[in-house]
Amino acid sequence: MIDPKVSTSGIAYPDDLALLKRVYDRICQERGIDAGSAEAADLAAQAMALFAAGVFDEDEINRSLSQDE
């Protein structure tokens, strides 16, 4: 079986985007953030910034974004 490609370089592969989407969806639901809102866009930008800075672990991204409440 082929292992899914997960980045360690800052390049977002499909599995990475799925990870970021899971975190985004979870936090939006927890905070009651509407998709398409300015707050949702800010959350997505924060998630991508963490990823671009080298944070690739789902739990770590979730914790970092949850602390920004």
Side-chain angles (χ1 to χ4, degrees):
M1 175 182 248
I2 298 173
D3 290 329
K5 184 70 173 166
V6 177
S7 182
T8 56
S9 66
I11 297 170
Y13 291 97
D15 289 338
D16 301 318
L17 295 174
L19 175 152
L20 292 167
K21 178 82 165 90
R22 279 192 306 273
V23 171
Y24 168 86
D25 287 343
R26 182 180 312 121
I27 293 174
C28 281
Q29 182 178 19
E30 288 172 359
R31 295 186 190 171
I33 298 172
D34 293 324
S37 68
E39 190 175 0
D42 185 51
L43 177 64
Q46 289 175 37
M48 288 300 296
L50 285 168
F51 185 84
V55 181
F56 305 119
D57 180 72
E58 182 170 350
D59 291 333
E60 190 173 345
I61 294 170
N62 191 53
R63 275 192 304 275
S64 293
L65 293 175
S66 292
Q67 292 173 357
D68 290 341
E69 283 187 76

Quick check: closest heavy atoms across I27 and L65, and the distance to 0.1 Å?
CD1-CB, 3.3 Å

Do the non-hydrogen side-chain atoms of L19 and I61 ever get within less than 4.5 Å of each other?
yes

Does some side-chain heavy atom of F51 sit less than 4.5 Å from a side-chain heavy atom of L20?
yes

Contacts of type side-chain contact (heavy atoms from CB on, under 4.5 Å), residue A44, not counting sequence neighbours
Y24

For a quick test of reading the model, state the closest non-hydrogen atom pair linking A35 to A40 and the distance between them.
CA-CB, 4.3 Å

Rounded to the nearest 0.5 Å, how far does CG of D16 lie from NZ of K21?
15.5 Å

Restricting to non-hydrogen atoms, name the atom on E30 and the atom on S66 that form the minimum distance, rounded to 0.1 Å.
OE1-OG, 4.4 Å

Inter- and intrachain pairs under salt bridge (charged side-chain N to carboxylate O under 4.0 Å, His left out), touching residues 36-58, at least two apart:
R22-E58, R26-E58

